[in-house]
Amino acid sequence: YCVEYRCINSVLLVPQNRSRVYFVCVRKDVAGRLARQAPPQPTSNEDECASHSGSFQFQWPDIPDLGRCVRDILEPVESVPAECTLSQHKWCKVQAQPYYQKHPDARVARPDKPAATLISSYKKGYVKYSQFVPSDWSHKCVPSSSSSSFAQEEEGVLTTPEDAGLAAAPAGAAVLPTPDESTAGGVAAAPPAVTSAPRFFTLRECCRLQGFPEWYIPNGCCNEGQAYRQIGNAVSAPVICFLGRALMAAGVFEFDREP
């Protein structure tokens, strides 16, 4: 195989900081045929996958920054199960952790920022690692009129979450005040003060953090913990869409259709 790799942060497409290394592996015979079809390109190093006419180089896609944040994926407060809220006992255990005492803002999401990296042990490892949603936000939530608030104005790029393979926020999704509405005199608002026990992201919100469509339901899970683990272990779907489209544009899959 010809192997190339790149580190991509999914925060460009979803409201979650998630840096992962993506490998693109193309079979050598396919890479050789693609290289012979492509115009010669100057190269300064020896390529193990070089053919007689040149070498195949995967064109990594230009991924636009949609600038999404946590407020884009929150469910209406009436849709959030009561069991998502931490008990006072659990919340006290979180607050007793040295990391929380040193970096309390890191454990509580902000509406105008991306979420922290979602992990497979999101529910099980809540004491040390998980990020929460402040329950104080609920009274500030207003219905979202449409998904157009995510749109970008630049021409020549994917302009909406739907174009990027993302699911649009459903009508009525919880949305918090924008940065302009929560600032005074041009100064950014301080992180929200957590005056009561926060809550976990719901399963649907976690799916949205990963860029899964609204119809997606984790398969083969016997309980909620397994569903959270499956979502936390996943890669962000929109990033895979971009890579898949780039491979299709390069003609990689055309050769597999030949007898």
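Just so it is clear, the values below take in all heavy atoms, side chains as well, and ignore hydrogens, waters and symmetry mates.
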Undergrad: Measure across Leu13 and Val239 and return the closest heavy-atom pair with its distance rounded to 0.1 Å.
TA: CD1-N, 3.9 Å
Undergrad: Would you say the side-chain atoms of Arg18 pair up with the backbone N or O of Val235, donor to acceptor, closer than 3.5 Å?
TA: no
Undergrad: Is it the case that one hydrophobic cluster holds both Val11 and Val133, taking links as side-chain heavy atoms less than 4.5 Å apart, direct or via other members?
TA: no
Undergrad: To the nearest 0.5 Å, tell me how far Ile119 CD1 sits from Arg229 CZ.
TA: 9.5 Å
Undergrad: Do you know which two heavy atoms are closest between Pro81 and Thr202, and how far apart they sit?
TA: CD-CG2, 4.0 Å
Undergrad: Can Val80 be reached from Phe201 by stepping across I, L, V, M, F, W or Y side chains whose heavy atoms are under 4.5 Å apart?
TA: no
Undergrad: How long is the straight-line distance from CZ of Phe242 back to OG of Ser10, given to the nearest 0.5 Å?
TA: 11.5 Å
Undergrad: I'd like to check the salt bridge (charged side-chain N to carboxylate O under 4.0 Å, His left out) partners of Arg107; sequence neighbours left out, ordered by chain and number.
TA: none
Undergrad: Tell me whether Met248 shares a hydrophobic cluster with Val26, the cluster being built from Ile, Leu, Val, Met, Phe, Trp, Tyr side chains joined at under 4.5 Å.
TA: yes
Undergrad: If we ignore hydrogens and angles and just use 3.5 Å, is the side chain of Glu4 paired with the main-chain N or O of Phe58 as donor and acceptor?
TA: yes
Undergrad: Provide the closest heavy-atom pair for Val70 versus Pro15 in the form atom of the first, atom of the second, distance.
TA: N-CB, 4.0 Å
Undergrad: Which label fits Trp91 and Tyr100: parallel for a plane angle under 30°, tilted from 30 to 60°, or perpendicular past 60°?
TA: perpendicular
Undergrad: Kindly indicate whether a cation-pi arrangement holds for Lys123 with Phe200, taking the cut-offs as under 6.0 Å to the six-membered ring centre and within 45° of the axis.
TA: yes
Undergrad: Main chain of Gln131, side chain of Tyr122: is a donor-acceptor contact present, judged purely on distance under 3.5 Å?
TA: yes
Undergrad: ring-ring contact (aromatic ring centres under 6.0 Å, His included) between Tyr22 and Trp60: does it pass, once the steps are laid out?
TA: CA-CA 11 Å; Tyr22 292 83; Trp60 292 88; 8.0 Å; no
Undergrad: Just verifying a value: how many Å separate Ile73 CD1 and Cys206 SG, rounded to the nearest 0.5 Å?
TA: 7.5 Å
Undergrad: Under the rule for side-chain hydrogen bond (donor to acceptor under 3.5 Å, both in side chains), what residues qualify as partners of Gln230, not counting sequence neighbours?
TA: Tyr216
Undergrad: What's the separation between atom CG in Asp105 and atom NZ in Lys102, rounded to the nearest 0.5 Å?
TA: 14.0 Å
Undergrad: Rounded to the nearest 0.5 Å, what separates atom OG in Ser120 from atom CG in Asn233?
TA: 4.5 Å
Undergrad: Given side chains that start at C-beta, do those of Pro61 and Leu243 come closer than 4.5 Å, heavy atoms only?
TA: yes
Undergrad: Looking at residues at least two apart in the chain, or sitting in another chain, which of them share a ring-ring contact (aromatic ring centres under 6.0 Å, His included) with Tyr129?
TA: none
Undergrad: With heavy-atom distances below 4.5 Å as the criterion, would you say the side chains of Gln16 and Arg68 are in contact?
TA: no
Undergrad: Is there a side-chain contact between Ser19 and Asn9, using heavy atoms and a 4.5 Å cut-off?
TA: yes
Undergrad: Using a 3.5 Å distance criterion without hydrogens, assess whether the side chain of Thr117 forms a donor-acceptor pair with backbone atoms of Asn17.
TA: yes
Undergrad: With sequence neighbours left out, what residues match Leu203 under side chain to side chain contact (heavy atoms under 4.5 Å, CB included)?
TA: Glu224, Ala227, Tyr228, Ile231
Undergrad: Taking atom CD of Gln210 and atom CZ of Phe212, what is their separation to the nearest 0.5 Å?
TA: 5.5 Å
Undergrad: Just jot down the side chain to side chain contact (heavy atoms under 4.5 Å, CB included) partners of Lys93, sequence neighbours excluded, or say none.
TA: His89, Tyr126, Val127
Undergrad: If I compare all heavy atoms of Thr85 with all of Ala197, which pair ends up nearest, and what's the gap?
TA: CG2-O, 3.9 Å
Undergrad: Tell me whether the count of non-hydrogen atoms from other residues, nucleotides or ligands lying under 6.0 Å of CG in Asp62 goes above 12.
TA: no
Undergrad: Between Ser121 (side chain only) and Lys124 (backbone N and O only), is there a donor and an acceptor less than 3.5 Å apart?
TA: no
Undergrad: Kindly write out the residues that satisfy side-chain hydrogen bond (donor to acceptor under 3.5 Å, both in side chains) with Arg199, not counting sequence neighbours, or none if the list is empty.
TA: Glu205
